[in-house]
S.K.: 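If you scroll down you'll find the structure; I have some questions about it.
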Amino acid sequence: MVKMKLRTLFGFFDWLQNLDWRRVKVKPFVSNSRALRLQQQHQPNIQMPLNVFQDKDGLPRIVLTDPNGSSAEVLLYGGHIVSWKNQRKEELLFMSSKAKWKQHKAIRGGISACFARFGDVGSLEQHGMTRNRMWSLDRDPSPLPPIDNHSSVDLILKSTGVDLKTPQSFELRLRISLSTGKLILIPRVRNTDNKPFSFAFSLCNYLSVSDISEVRIEGLETLDYVDNLMNRSRFTEQADAITFDGETDRVYLHSPNKIAIIDHEKKRTFVLQKNSLPDAVVWNPWNKKAKALPDLGVDDYKMMLCVNSAAIDTPIILKPCEEWKGYQEISTVSSSYCSGQLDPRRVLYGFQ
């Protein structure tokens, strides 16, 4: 028996000696400490520090970047997105030439969240207390998944008890995510009070356009709308597309989840997609109203258009501990021509 075991052992040594090691794949032994270091190096979703700095006005500013070169800048003041540039460094958001960069004043331009107790929606666009408050970084945005700190940020604003005419306790959260050609916002409102409350909400989007007279909106035709210039009277949109030759201030009711804003001169289309925000606000002050606004340049109206995702006509009602979540995605695509005209159907129904 011993001789047999020795013969087997010697045969194994002969096999090792004759083995062509160049053709053998060997898994090296790694110590526990080194294995841990290697695992950490290849661990996905490692949280990197946010790129935060104080701007020239002393306001904390967060810079989001995308590997392909697009960027966005977010202020903690107002939770305000004040810049969004594509990979060619072209600014996509409008910012007033007379914007007031001071606390306790809403900033005219960019993208901001407007929140108001339902019944006080007349002041939703004018102030909405969320636009002139200092937000905080949200360290626990669950149940949303973790984020890449280079291209996303989570913000939170908690009520102080004097924010609404009828004081109620709530939390407003906002996730801002940047990717190539897209800017995504996920707002959430949680009722942290012991009684229900209702509210209206809007994401106010100031879009940069070449010339307002060369812009058209597709996707809102045949809808009912409230005209704020006509004592909030209701009408039905009769035009095939919305174009602009004067002041416009309308709330389109039960609007589709996808809207196209087509800039003829720049041959660029903004595609606005939304969820749980059934209304769409369209606003441009035109020349007379622009002159009356102290934080808007006289000719700024020509280069801007507000198309807002909103829930205004029907209140959002939250019971204690309930949470509402909305969604907005703005993307840009090159406008296509068909027989010399833009073809918005490719924007609204796909880019096949």
Side-chain angles (χ1 to χ4, degrees), residues 78-80 106 111-133 135-136 138 140-144 154-176 184-205 219-220 223-228 231-235 249-259 272-283 306-329:
H80 209 119
I111 301 177
S112 60
C114 300
F115 173 91
R117 184 182 66 88
F118 197 80
D120 193 29
V121 296
S123 60
L124 184 64
E125 294 287 331
Q126 283 70 27
H127 53 84
M129 60 89 192
T130 59
R131 302 177 67 186
N132 50 25
R133 287 272 306 278
W135 293 49
S136 304
D138 188 2
D140 183 21
S142 60
L144 295 183
D154 285 302
L155 305 178
I156 185 171
L157 179 65
K158 296 183 179 181
S159 59
T160 62
V162 294
D163 294 317
L164 303 176
K165 291 180 179 179
T166 303
Q168 287 161 313
S169 177
F170 63 89
E171 293 176 348
L172 172 56
R173 286 178 162 88
L174 181 63
R175 169 168 289 188
I176 303 166
I184 298 173
L185 283 78
I186 302 177
R188 293 182 292 155
V189 177
R190 176 176 290 275
N191 183 357
T192 55
D193 210 314
N194 57 7
K195 55 183 178 295
F197 76 93
S198 59
F199 65 95
F201 188 88
S202 174
L203 289 171
C204 185
N205 308 303
L220 301 178
L223 296 183
D224 291 340
Y225 66 88
V226 175
D227 195 331
N228 289 321
N231 296 318
R232 297 186 58 82
S233 299
R234 296 202 175 200
F235 302 91
D249 189 356
R250 299 175 180 175
V251 181
Y252 286 84
L253 310 175
H254 309 293
S255 60
N257 289 338
K258 185 182 287 188
I259 301 168
L272 175 64
Q273 299 185 70
K274 56 191 178 66
N275 192 24
S276 298
L277 293 162
D279 305 320
V281 179
V282 178
W283 181 73
C306 281
V307 182
N308 307 339
S309 304
I312 294 177
D313 187 57
T314 302
I316 301 170
I317 302 174
L318 290 180
K319 296 178 181 179
C321 299
E322 281 188 339
E323 181 177 274
W324 167 85
K325 182 174 75 171
Y327 178 89
Q328 174 183 279
E329 175 185 311

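Counting from 1, the numbers follow the sequence of the chain as shown. This structure is a prediction, so every number in the text was calculated from the model and none was measured.
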S.K.: Any sub-3.5 Å donor-acceptor pair from Trp324's side-chain atoms to Asn191's backbone N or O?
M.R.: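 Here the side-chain-to-backbone pair does not exist.
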S.K.: Can a donor-acceptor pair be found, under 3.5 Å and without considering hydrogens, that links the side chain of Asp279 to the backbone of Ile312?
M.R.: yes
S.K.: Can you list the residues that meet the side chain to side chain donor-acceptor pair (under 3.5 Å) rule with Ser233, with sequence neighbours excluded?
M.R.: none
S.K.: Quick one: side chain to side chain contact (heavy atoms under 4.5 Å, CB included) partners of Asn257, sequence neighbours excluded?
M.R.: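 Not a single residue meets the side chain to side chain contact (heavy atoms under 4.5 Å, CB included) criterion with Asn257.
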S.K.: Could you tell me which residues satisfy salt bridge (Lys or Arg N to Asp or Glu O under 4.0 Å) with Asp249, sequence neighbours excluded, listed by chain and number?
M.R.: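 Residues passing salt bridge (Lys or Arg N to Asp or Glu O under 4.0 Å) with Asp249: none at all.
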S.K.: Go through the structure and list residues passing salt bridge (Lys or Arg N to Asp or Glu O under 4.0 Å) with Glu323, not counting sequence neighbours.
M.R.: Arg188, Arg190
S.K.: Output all residues satisfying side chain to side chain donor-acceptor pair (under 3.5 Å) with Arg175, sequence neighbours left out; order by chain, then residue number.
M.R.: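 Counting only residues at least two positions away or on another chain, Arg175 forms a side chain to side chain donor-acceptor pair (under 3.5 Å) with Asp154.
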S.K.: Return the set of residues passing side chain to side chain donor-acceptor pair (under 3.5 Å) with Tyr327 (not counting sequence neighbours), or none when no residue passes.
M.R.: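 Only Glu329 meet the side chain to side chain donor-acceptor pair (under 3.5 Å) criterion with Tyr327.
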S.K.: Provide the closest heavy-atom pair for Ser276 versus Ala311 in the form atom of the first, atom of the second, distance.
M.R.: O-CB, 4.5 Å
S.K.: Quick one: closest heavy-atom pair of Arg131 and Ala113, and the distance?
M.R.: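 Closest pair (atom of Arg131, atom of Ala113, distance): CG-O, 3.6 Å.
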S.K.: Can you name the residues that form a side chain to side chain contact (heavy atoms under 4.5 Å, CB included) with Pro196, not counting sequence neighbours?
M.R.: Pro320
S.K.: Looking only at non-hydrogen atoms, find the nearest pair between Asn308 and Cys204 and report the distance.
M.R.: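 Smallest heavy-atom distance, with atoms named: OD1-CA, 3.4 Å.
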S.K.: Can you tell me if Lys319 uses its side chain to pair, donor with acceptor, with the backbone of Phe197 under 3.5 Å?
M.R.: no
S.K.: If you define the side chain from C-beta out and look only at heavy atoms, does anything of Leu318 sit under 4.5 Å from Phe199?
M.R.: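 Yes - at least one pair of side-chain heavy atoms lies under 4.5 Å apart.
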S.K.: Classify the side-chain pair Gln328/Ser309 by whether it contains a donor and acceptor separated by less than 3.5 Å.
M.R.: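 Yes, side-chain donor-acceptor contact under 3.5 Å.
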S.K.: Using 30° and 60° as the class limits, which term best fits the ring planes of Phe115 and Phe201: parallel, tilted or perpendicular?
M.R.: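 It falls in the perpendicular class, over 60°.
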S.K.: Going through the checks in order, is the side-chain contact (heavy atoms from CB on, under 4.5 Å) test met by Glu171 and Ser159?
M.R.: CA-CA 6 Å; Glu171 293 176 348; Ser159 59; over 6 Å; no
S.K.: Holding to side chain to side chain donor-acceptor pair (under 3.5 Å), I want the full list of residues that pass it with Asp140, two or more places apart in sequence or in another chain.
M.R.: Ser142
S.K.: Evaluate Ile186 against Arg173 for side-chain contact (heavy atoms from CB on, under 4.5 Å), listing each step before the verdict.
M.R.: CA-CA 8 Å; Ile186 302 177; Arg173 286 178 162 88; over 6 Å; no
S.K.: Does the side chain of Lys158 pick up a donor-acceptor pair with the side chain of Thr192 at under 3.5 Å?
M.R.: no
S.K.: Are the side chains of Leu203 and Leu277 in contact, using a 4.5 Å heavy-atom criterion?
M.R.: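 Touching, per the 4.5 Å side-chain cut-off.
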S.K.: For a 4.5 angstrom cut-off between non-hydrogen side-chain atoms, does Ser136 reach Leu155?
M.R.: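 Ser136 vs Leu155: side chains apart.
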S.K.: Does the side chain of Thr130 reach to within under 4.5 Å of the side chain of Leu157, using non-hydrogen atoms?
M.R.: yes
S.K.: Looking at Val281, Val282, Leu223, Leu272, which one forms a side chain to side chain contact (heavy atoms under 4.5 Å, CB included) with Ser255?
M.R.: Leu223
S.K.: Could you give me the CA-CA distance, side-chain angles and deciding distance for Asp224 and Arg234, then say whether side-chain contact (heavy atoms from CB on, under 4.5 Å) is met?
M.R.: CA-CA 7 Å; Asp224 291 340; Arg234 296 202 175 200; 5.8 Å; no
S.K.: Can you list the steps and then say if Leu185 with Leu174 is a side-chain contact (heavy atoms from CB on, under 4.5 Å)?
M.R.: CA-CA 7 Å; Leu185 283 78; Leu174 181 63; 4.1 Å; yes
S.K.: Shortest non-hydrogen contact from Ala106 to Asn132?
M.R.: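 Taking Ala106 first and Asn132 second, the nearest heavy atoms are N-CB, 4.5 Å.
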